[in-house]
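Worksheet: the structure to be examined is printed underneath.
Values reported hereafter were calculated over all heavy atoms of this structure, with side chains retained and with hydrogens, waters and symmetry mates removed. Chain A is the first sequence line, chain B the second, and so forth, proteins listed ahead of strands; every chain is numbered from 1.
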There are 2 protein chains.
Amino acid sequence: MGPRNAVPRDSRTRVFDAATHEFAERGYEAAGVDRIAASARVNKAMIYYHFGSKLDLYREVLRHMLRAVGERARAIADGPGPAELKLDLWIGTLIAEAAARPWFPPIMLRELASSAEHLDADTVALGNAVFIAVRDIIVQGQQEGTFRDVDPLLIHLTLMPAVLLFFARMRVLKRRPRGTGLLEPRAEEAFVRHMQDVARRMLRKD
Amino acid sequence: MGPRNAVPRDSRTRVFDAATHEFAERGYEAAGVDRIAASARVNKAMIYYHFGSKLDLYREVLRHMLRAVGERARAIADGPGPAELKLDLWIGTLIAEAAARPWFPPIMLRELASSAEHLDADTVALGNAVFIAVRDIIVQGQQEGTFRDVDPLLIHLTLMPAVLLFFARMRVLKRRPRGTGLLEPRAEEAFVRHMQDVARRMLRKD
DNA sequence: GTCTATAAATAGATAGAC
DNA sequence: GTCTATCTATTTATAGAC
């Protein structure tokens with residue numbers, strides 16, 4: 001039912017998706033409302049009709065992204081199993097999320113680089129929720145006695161940036177020819193194993 | 001000698017310094033030539049006289065930054081001592097560099113987020129030189145038998161992003177009021193110790 | 001909901017006098 | 001080396017017809 005539900009969808013969704021890609025590719029400032037409209041195959045005025053302003057559109061993209069990641073982190077933290085397993089799961093999930101939605105890392109990196117100047121309080125709260133979930137996992141492991149006593153924030157600030165930059169770098173490598181081979185992209189599965197290994201080594205007692 | 005060599009200097013240097021801060025604060029696209037001129041207290045035309053274009057100015061800022069970091073990394077790699085000590089030294093140096101020149105992390109993060117689109121081959125080479133030096137340190141440790149056999153690039157891609165984001169995050173925290181205290185900024189010395197600990201744990205044979 | 005046309009501001013860049 | 005004045009293109013955003 002409904003006429004061919006393959007690609008087009010409604011204009012609001014098309015704008016939202018086009019904006020997501022434009023913001024990821026060029027950043028908030030360099031992104032053009034005209035470019036988004038063209039890419040979404042809608043009239044520019046429709047963007048203002050649906051979203052009000054460029055900034056509101058951007059914030060909606062960001063909230064959508066952070067909410068998705070935050071929910072996955074929350075679900076893992078609240079789920080069953082020992083903390084060691086949850087942390088492995090979180091790392092695998094975060095990397096899978098970044099691989100499936102390649103606009104996530106660049107947008108996050110840019111926002112952090114610009115001191116989160118485009119974020120309102122609600123959006124910041126969504127970002128914090130991700131850390132809260134990760135912290136809960138680490139605290140659980142400390143209570144279970146399997147994790148040593150380290151600052152959960154420092155753990156988070158070691159794992160998350162590595163994932164973001166790993167995928168941002170992939171985009172760089174796609175754009176420019178390489179010489180030596182030293183800097184070739186690494187396989188995603190190898191990266192997952194590496195990050196899980198890093199997490200275990202950071203947290204294990206001895 | 002010379003008339004009061006405190007703050008002013010020549011107009012070219014003033015433009016260069018003002019541009020560095022403007023690019024760090026707002027990113028390449030959002031940075032304004034007018035704003036740079038005002039901040040440097042020079043006429044806008046002087047910027048084009050000295051640097052040719054906004055892009056050329058930006059690249060000069062980036063090259064200057066990457067060359068400085070690359071030289072420090074190279075000096076450590078080529079210096080005396082065991083690899084374990086050199087790696088500690090590199091981490092301390094990188095963090096000190098980021099703390100002393102707070103424009104370094106945001107500019108790097110933005111450039112990676114935008115797929116290095118503003119970089120020419122020379123500038124990319126300067127960025128690669130940093131990794132080459134770090135790799136040399138790790139290979140030395142592997143030959144000395146103190147480091148286990150892990151991919152140097154994955155090590156680099158774990159340490160470097162954490163440092164960049166740690167300092168980018170500091171700028172965020174300065175901008176907005178906080179509630180919980182959970183996300184308060186961490187002390188720089190504690191961060192150095194943490195990252196050195198992470199490096200050792202990643203590389204030691206267990 | 002969708003379009004055209006356009007307002008209003010700002011951007012990067014340059015010409016040319018001094 | 002330094003200035004004023006300006007060109008040209010592009011930007012976000014809106015008014016108003018349909």
Side-chain angles (χ1 to χ4, degrees), chain A residues 2-5 7-63 107 110-111 114 117-120 123, chain B residues 2-5 7-63 107 110-111 114 117-120 123:
Chain A
R4 202 74 57 76
N5 202 10
V7 180
R9 295 150 300 169
D10 59 312
S11 70
R12 194 181 199 279
T13 309
R14 287 210 310 280
V15 168
F16 185 86
D17 291 350
T20 303
H21 285 94
E22 173 77 358
F23 285 132
E25 201 66 41
R26 333 228 323 176
Y28 175 78
E29 327 281 351
V33 177
D34 286 293
R35 290 179 58 90
I36 294 172
S39 161
R41 299 189 318 282
V42 302
N43 189 282
K44 178 170 53 160
M46 289 303 296
I47 294 183
Y48 292 92
Y49 173 77
H50 281 305
F51 295 94
S53 75
K54 182 187 177 182
L55 183 57
D56 285 335
L57 170 56
Y58 177 72
R59 284 178 173 161
E60 196 142 325
V61 166
L62 242 143
R63 273 194 294 267
I107 290 183
R110 275 193 242 255
E111 206 47 51
S114 62
E117 66 177 335
H118 309 108
L119 274 54
D120 50 23
T123 317
Chain B
R4 201 73 57 76
N5 202 11
V7 179
R9 295 148 302 169
D10 59 311
S11 71
R12 194 181 199 278
T13 308
R14 288 210 308 280
V15 168
F16 185 86
D17 291 349
T20 303
H21 285 94
E22 172 77 358
F23 286 133
E25 200 67 41
R26 334 231 318 177
Y28 176 78
E29 327 280 351
V33 177
D34 287 293
R35 290 177 58 89
I36 294 172
S39 161
R41 298 188 320 280
V42 302
N43 190 283
K44 176 167 61 157
M46 288 304 294
I47 294 183
Y48 293 93
Y49 172 76
H50 281 306
F51 295 95
S53 75
K54 181 186 178 182
L55 183 58
D56 285 335
L57 170 56
Y58 178 71
R59 283 179 173 160
E60 196 142 323
V61 167
L62 242 143
R63 274 194 295 268
I107 291 183
R110 276 193 241 255
E111 205 47 50
S114 62
E117 66 176 335
H118 309 108
L119 274 54
D120 50 23
T123 317

For A/Arg26 and B/His50, take the nucleotide of DNA chain D holding the closest heavy atom to each; which residue's nucleotide lies nearer the 5' end? B/His50
Answer with base, sugar-phosphate or nothing: what part of the nucleic acid does B/Ala37 contact at a heavy-atom distance below 4.0 Å? nothing
List in chain and number order the residues that pass ring pair (Phe, Tyr, Trp, His ring centres under 6.0 Å) with A/Tyr48, two or more places apart in sequence or in another chain; answer none if no residue qualifies. none
Mind checking B/Ala30 for me? I need base, sugar-phosphate or nothing, with any heavy atom below 4.0 Å counting as a touch. nothing
For A/Arg110, does its backbone N or O pair with a side-chain atom of A/Ser114 as donor and acceptor, under 3.5 Å? yes
Rounded to the nearest angstrom, tell me the gap between atom OH in B/Tyr58 and atom C1' in C/dA11. 18 Å
Short side-chain N/O contact from B/Tyr48 to OP1 or OP2 of C/dT14, under 4.0 Å: no
Starting the side chain at C-beta, find the nucleotide from C/dG12, D/dT12, D/dG1 nearest to B/Met46. D/dG1
B/Phe51 atom CZ is separated from C/dT14 atom C1', nearest whole Å, by 18 Å
Please name the pair of heavy atoms, one in B/Ala30 and one in A/Glu29, separated by the smallest distance, quoted to 0.1 Å. CB-CG, 3.3 Å
Do the side chains of A/Tyr28 and A/Glu111 get nearer than 4.5 Å, heavy atoms only? no
Could you give the CG-to-P distance, from A/Leu57 to D/dA13, as a whole number of Å? 10 Å
Rounded to the Å, how far apart are A/Asp34 CG and C/dC3 C1'? 15 Å
At under 4.0 Å, does any side-chain N or O of B/Ser11 touch on OP1 or OP2 of D/dG1? no
Taking atom C1' of C/dA11 as reference, at what distance in whole Å does atom CD1 of B/Ile36 sit? 12 Å
Below 4.0 angstrom, N of the basic side chain to O of the carboxylate: do B/Arg12 and B/Glu60 qualify? yes
Sort me out a list of protein N/O and nucleotides 4-10 of chain C N/O pairs below 3.5 Å, or just none if empty.
from  : atom 1 : to      : atom 2 : distance (Å)
C/dT4 : OP2    : A/Asn43 : ND2    : 3.4

Rounding to an integer number of Å, can you tell me how far B/Glu29 CD sits from D/dT11 P? 11 Å
Does the B/Arg14 side chain pair with the main chain of B/Arg9, one donor and one acceptor, at a distance under 3.5 Å? yes
Are A/Lys54 and A/Phe23 packed together at the side-chain level, in the sense that at least one heavy-atom pair is separated by less than 4.5 angstrom? yes
Of the candidate nucleotides C/dT2, C/dA13, D/dT2, which contains the atom at the shortest distance from the side chain of B/Ser53? C/dA13
Distance check needed: D/dC3 C1' versus B/Ile47 CD1, whole Å only. 14 Å
Could you state the atom-to-atom distance from NZ of B/Lys54 to P of C/dA11 in whole Å? 9 Å
